[in-house]
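Written out below as structure tokens is the structure these notes cover.
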Amino acid sequence: MKTKSTTAELLMVAPWLLAILYVASIWNQLPANMPIHYDASGNVNGWESKNVVGGAGLLLAVLLYLLFRYLPNLDPRGRLQSANYQKLRFVMMLFLAAILVTIFYLAIHQESSKSLLRPELALISLLIAAIGNYLTSIKPNFFVGIRTPWTLSSDAVWRKTHQLGGRLMVAGGLVGAVLALIVPMPYTVWAVVGIILIASLIPVVYSYVYFQREKNHQFN
């Protein structure tokens with residue numbers, strides 16, 4: 001294996017290794033049961049053993065790494081080997097590890113159960129924004145991106161849809177992160193989810209409209 005490739009893969013797993021080391025360092029301070037589910041008002045309505053949460057986090061880290069590492073090998077077009085995809089891999093590993101750290105950190109340092117929901121929503125929103133930043137230039141493939149029947153049928157529709165969708169995801173993610181921190185409960189979840197849904201659905205509709213426009217242009 002090339003040294004450059006080895007360094008890149010070490011960089012991919014570094015966020016999760018740091019997250020696991022952090023969790024291990026505070027393990028004895030964690031409560032026996034941790035909150036895992038919340039209602040729209042931020043109240044805890046589900047608990048789980050810290051052993052289960054920790055084990056699930058470790059399993060998730062391994063599965064995500066293997067999925068993103070070998071997904072390009074399944075792409076018939078072979079277009080997921082780009083530097084852009086590698087950056088997207090790192091961003092996703094980084095933010096998901098940050099969400100894991102946030103869950104365990106707040107399990108110790110926050111007295112209010114509602115305090116966990118806001119930073120989680122903010123991190124998820126920032127992850128959406130980061131993904132959108134890389135989607136604007138990702139090449140057509142069958143696994144990553146805004147995959148609709150119309151984007152998969154035309155490289156031009158793919159390109160235009162991802163340019164629009166990526167920008168909307170960046171804007172929506174940034175707005176969602178701010179809303180997660182300032183909108184009062186119980187409207188926080190609805191505000192953030194609403195922004196993300198709008199940013200996600202507009203490109204789907206646009207891909208159909210642009211495909212029809214392109215098809216009509218060909219017949220005229």
Side-chain angles (χ1 to χ4, degrees), residues 1-31 34-37 48-110 116-147 162 166 169-170 173-174 176-177 180 196:
M1 184 179 291
K2 296 181 180 179
T3 303
K4 183 177 180 180
S5 176
T6 303
T7 302
E9 293 308 312
L10 288 175
L11 183 63
M12 297 298 170
V13 301
W16 278 97
L17 290 177
L18 292 174
I20 291 170
L21 287 174
Y22 170 74
V23 172
S25 70
I26 63 170
W27 188 257
N28 292 332
Q29 305 173 49
L30 290 169
M34 298 175 54
I36 61 167
H37 196 271
E48 189 54 83
S49 164
K50 70 175 183 180
N51 294 321
V52 174
V53 178
L58 181 60
L59 179 62
L60 179 63
V62 174
L63 292 179
L64 285 176
Y65 172 77
L66 293 176
L67 173 64
F68 295 135
R69 172 66 178 82
Y70 294 105
L71 194 60
N73 297 339
L74 302 177
D75 181 24
R77 294 188 175 187
R79 293 184 173 182
L80 285 181
Q81 298 290 355
S82 65
N84 195 45
Y85 174 71
Q86 300 306 322
K87 293 176 182 178
L88 181 61
R89 278 182 65 198
F90 177 74
V91 165
M92 295 188 70
M93 297 292 282
L94 176 64
F95 273 93
L96 292 173
I99 292 173
L100 178 70
V101 168
T102 301
I103 292 173
F104 281 93
Y105 177 85
L106 293 177
I108 294 177
H109 294 86
Q110 299 292 343
L116 178 59
L117 191 59
R118 290 184 182 276
E120 277 190 324
L121 288 173
L123 282 172
I124 292 172
S125 298
L126 290 175
L127 174 60
I128 296 295
I131 292 174
N133 181 56
Y134 292 108
L135 283 187
T136 55
S137 57
I138 196 165
K139 296 180 179 179
N141 67 89
F142 293 102
F143 298 107
V144 178
I146 305 170
R147 301 179 308 282
H162 281 74
M169 288 176 67
V170 170
L174 294 177
I196 293 176

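Computed from a predicted model, the values in this text were never measured in an experiment.
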A129 and V170 have their tightest heavy-atom pair at O-CG2, 3.3 Å
Testing the basics here: between L100 and G57, what is the closest heavy-atom pair and its distance to 0.1 Å?
CD1-CA, 4.3 Å
Which distance, rounded to the nearest 0.5 Å, do you find between the CG of L174 and the CD1 of I128?
11.5 Å
Any pair counted as salt bridge (Lys or Arg N to Asp or Glu O under 4.0 Å), so long as it reaches residues 82-103, sequence neighbours left out:
E9-R89
For residues 15-31, dump all side-chain donor-acceptor pairs below 3.5 Å to protein atoms at least two apart in sequence or in another chain.
residue, atom, partner, partner atom, Å
W16, NE1, M93, O, 3.4
S25, OG, Y22, O, 2.6

Considering only heavy atoms from C-beta outward, does the side chain of I131 approach that of F95 to under 4.5 Å?
no
Closest heavy-atom pair and its distance - F68, P72:
O-CD, 3.5 Å
Looking at L64 and L96, what are the two nearest heavy atoms and their distance?
CD1-CD1, 3.3 Å
For residues 137-147, tabulate all N or O donor-acceptor pairs below 3.5 Å that involve a side-chain atom, not counting sequence neighbours.
residue, atom, partner, partner atom, Å
S137, OG, N84, ND2, 3.4
N141, OD1, F143, N, 2.8
N141, OD1, V144, N, 2.6
N141, ND2, K139, O, 2.9
N141, ND2, V144, O, 3.0
R147, NH1, F143, O, 2.6
R147, NH1, G145, O, 3.1

Could you tell me which residues satisfy side chain to side chain contact (heavy atoms under 4.5 Å, CB included) with L66, sequence neighbours excluded, listed by chain and number?
V62, Y70
If you round to the nearest 0.5 Å, how far is CG of L63 from CG of L58?
9.5 Å
Considering all heavy atoms of both residues, which atom of V91 and which atom of L127 are nearest to each other, and what is their separation?
O-CD1, 4.2 Å
Residue pair A177 / A122: nearest heavy atoms and the distance that separates them:
CB-O, 3.9 Å
Testing I108, V52, I103 for side chain to side chain contact (heavy atoms under 4.5 Å, CB included) with M34, which one passes?
I103
